[in-house]
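Heads up, the thing below is written out as C-alpha cells.
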Amino acid sequence: MIVILDYGSQYSQLIARRVRECSVYSELVPHDITLEKLKNMQPEGLILSGGPSSVYELDAPRFADGLLELGIPVLGICYGMQLLVSALGGRVERLKEQREYGKAFLKADNTSELFVGLEDSFMAWMSHGDSCVELPAGFRKIASTDSLENAAVEDARRRIYGVQFHPEVAHTVKGLDILKNFIFGVCRARPVWTMANYIETEVQRIRETVGSGKVLLGLSGGVDSTTVAALLHKAIGAQLICMFIDQGFMRKGEARRVVDLISKYMHIQLVHVDAADRFFARVAGVSDPEEKRRRIGNEFVRTFEEEARQIGDFQFLAQGTLYPDVIESAVAGGTQARTAAKIKTHHNVGGLPADIKFKLIEPLRWLFKDEVRKLGRELGLHEDLINRQPFPGPGLAIRIIGEVTPERVRVLQEADSIVMSEIKAADWYNKVWQVPVVLLPGVRTVGVMGDQRTYGMTCAVRCVTSEDAMTARVAHLPWELLEKISSRIINEVPEITRVCYDISSKPPATIEWE
Ligand code: XMP
C-alpha cells in the first residue's frame, strides 16, 4: 500500500486515484497521523501531497517526528517536496517573481530512478509560490526548468524524492510513468489491487460480518446502490433484501426498469414500495426548492422506516458510501477509521430512529467512483447501468419550478423521455455529465398550431459537461439535434409550446435550476 499524507492540495485525491490506476492500493490520511498509526498501515511508500501553505510559516503543517527514519521511501510533491527539503536542513524561499502556474518544459536526468525510461525533457504542470533554493546534505538536483533550478531532487541512498511539479495531473504528460517509477522502481510495490481481488476480500469480509443475519439495502437504481446489491448478493444471496421506494418523481418508465432489472435479471429479493401518493401529498402547494427537498427527504426516511418495520428482523443496513465521503468526514471529524453514516442523497438512508437496531455495512467505502464502475463490470452488471448519468435524489420534483403535481410530473416525464432518447441516439449520453429538462412555471407562452393560437408551458433543456459537478459548461450540441429535440417535444407533448436551451456555465449558475 502507498499512503498519501494530505496537506490540503486540491489534487490529493487524484494522487490516490492515480496510484490505484497502477493496481496498487493507496489511502489518503491526515498529514498529522501518528507514527504508530502509520506503521500499522505497513506502507510500501509514502507520498506527501501538495498544499496551500508555505513551510516557513509558523503553523505550517508538518509530519510526525521520526517519519523519515522509518526507512520507507518518500516522494514529496510540491509543498511535500518543500517540506522534505526544509525538514532535512535545506532552504525554501518565496519566488522572486509571482507564483508559477501552468505548463513548464522540464529537463530531467533519467539516470535517476524516478525518471528511468523517460525522455530527457517533457512538459510538467507547475503551481507554486515557493521554491527550494538550497538542498540538504545528501540531495542532488534531478530536473530543472529555465526558471526553476530544483524542479526535482533526490537522496537515492535514503530513497527520498521530491518533485516541484504535479505528476498526478494529466497536463504532466509522463506523470503516470513517474509515479510508476516511484511505486514499482523505488518502493517495489506489487500490483495486486484489482477489482477481482477486491470482490474476493469483500465477499469474505461481508460473510464474516453478517453470519446468518439479514441485510437491508435501499436501492435507487444508480450505479452505487446497484453495485452494492450485486456484491452483497454474491456474498450472502437470499440474506439480502433490497427496498426500492418509488416517490413518483422518477423518469418515465424508470421505476419499472429498476424493479425488472433487479428482481428478474439479478434474482434479488426486492420490496417495491409505490409511495407516489404520499410524496405528492407532502409536496402539494410547496414551491420553495429547499422546502421541497426537506419534505421529500423526511418523507423518504419515514417511508423507509415504516417499510423496514414490515420486513421484520434485519441486523444490518447497507449503504453505497464511497471513499471520497469517508475522506471528507474524516477531515471533518478528525478520524480516518470511522465515518458518521453520512446521508449522501435522499436515496441513502440516514436518520433512522434508534429503536431500529442495525449495524452499517458499506462495502464500497474504500472505492472511488471509477473503481465502483470497474467493480460493477467485474460483477457482470449491464453497461447501461454502469454508465448512468447521475440523477438527483428528489428526482423530477426539483426540475419542476413551482408546485409539483402529478400532471406536471407527467408532462415533464414525456419531454424528458424525448430528450434522453435523442441524446442517446445521437451518441451524446456518455459524453456529457447530465441533461436536465426543466419545466417552467406560470408563463403561458403563445404558439400557433394549425390555424389556432395555443397557450402552453415552456421547458428548458440543459446539457452540461463536467468533471465532478463543481464546475460545468454548456455542451455544444449540434443545432440539428437541438432542433429535433425542440420539434419533437412541441409535436408530441401538447402541453408544451416552447423549448429553450440553457447556455449558462457553473459557476455562477448551478446545474439544476432549483
Ligand atoms: P447543482 O445544481 O448544485 O448540482 O450544480 C450539482 C450536482 O448535484 C446534483 N443535485 C442533487 N442531488 N439531491 C441530490 O441527490 C439534491 O437535492 C440535488 N441537487 C443537485 C445535480 O443533479 C448535479 O449533478
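Both counts, for ligands and for their atoms, begin at 1 and track the order of listing. The first residue in the sequence is number 1, and the count goes up from there.
One N or O on the side chain of Ser466 and one on the backbone of Thr471 form a donor-acceptor pair closer than 3.5 Å.
Contacts between Arg293 and ligand 1 below 4.0 angstrom, taking non-hydrogen atoms only, involve the side chain exclusively. With a heavy-atom cut-off of 4.0 Å, Trp433 touches ligand 1 through its side chain alone.
For Glu200, the CD atom is loosely surrounded, since the number of other residues' heavy atoms within 6.0 Å does not exceed 12.
The existence of a salt bridge linking Asp325 and Arg365 is excluded, since no basic side-chain nitrogen approaches an acidic carboxylate oxygen closer than 4.0 Å. Using a 4.0 Å cut-off between a side-chain N of Lys or Arg and a carboxylate O of Asp or Glu, Glu305 and Arg309 qualify as a salt bridge. Between Arg278 and Glu306 there is a salt bridge, since at least one side-chain N of the basic residue sits less than 4.0 Å from a carboxylate O of the acidic one.
Annotation: Glu514 places no N or O atom under 3.5 Å from an N or O atom of ligand 1; distance criterion only. Residue Pro392 places no N or O, backbone or side chain, under 3.5 Å from any N or O of ligand 1.
Between Gln204 and Glu208, the closest side-chain pair of non-hydrogen atoms falls below 4.5 Å.
Using a 4.0 Å cut-off to heavy atoms of Gly393, the atoms of ligand 1 that qualify are 13 (N), 14 (C), 15 (O).
Around atom 23 (C) of ligand 1, the closest heavy atom drawn from Gln434, Lys506, Arg462, Lys292 belongs to Gln434. Counting only non-hydrogen atoms, the option in Glu512, Met470, Gln389, Arg294 that gets closest to atom 21 (C) of ligand 1 is Glu512.
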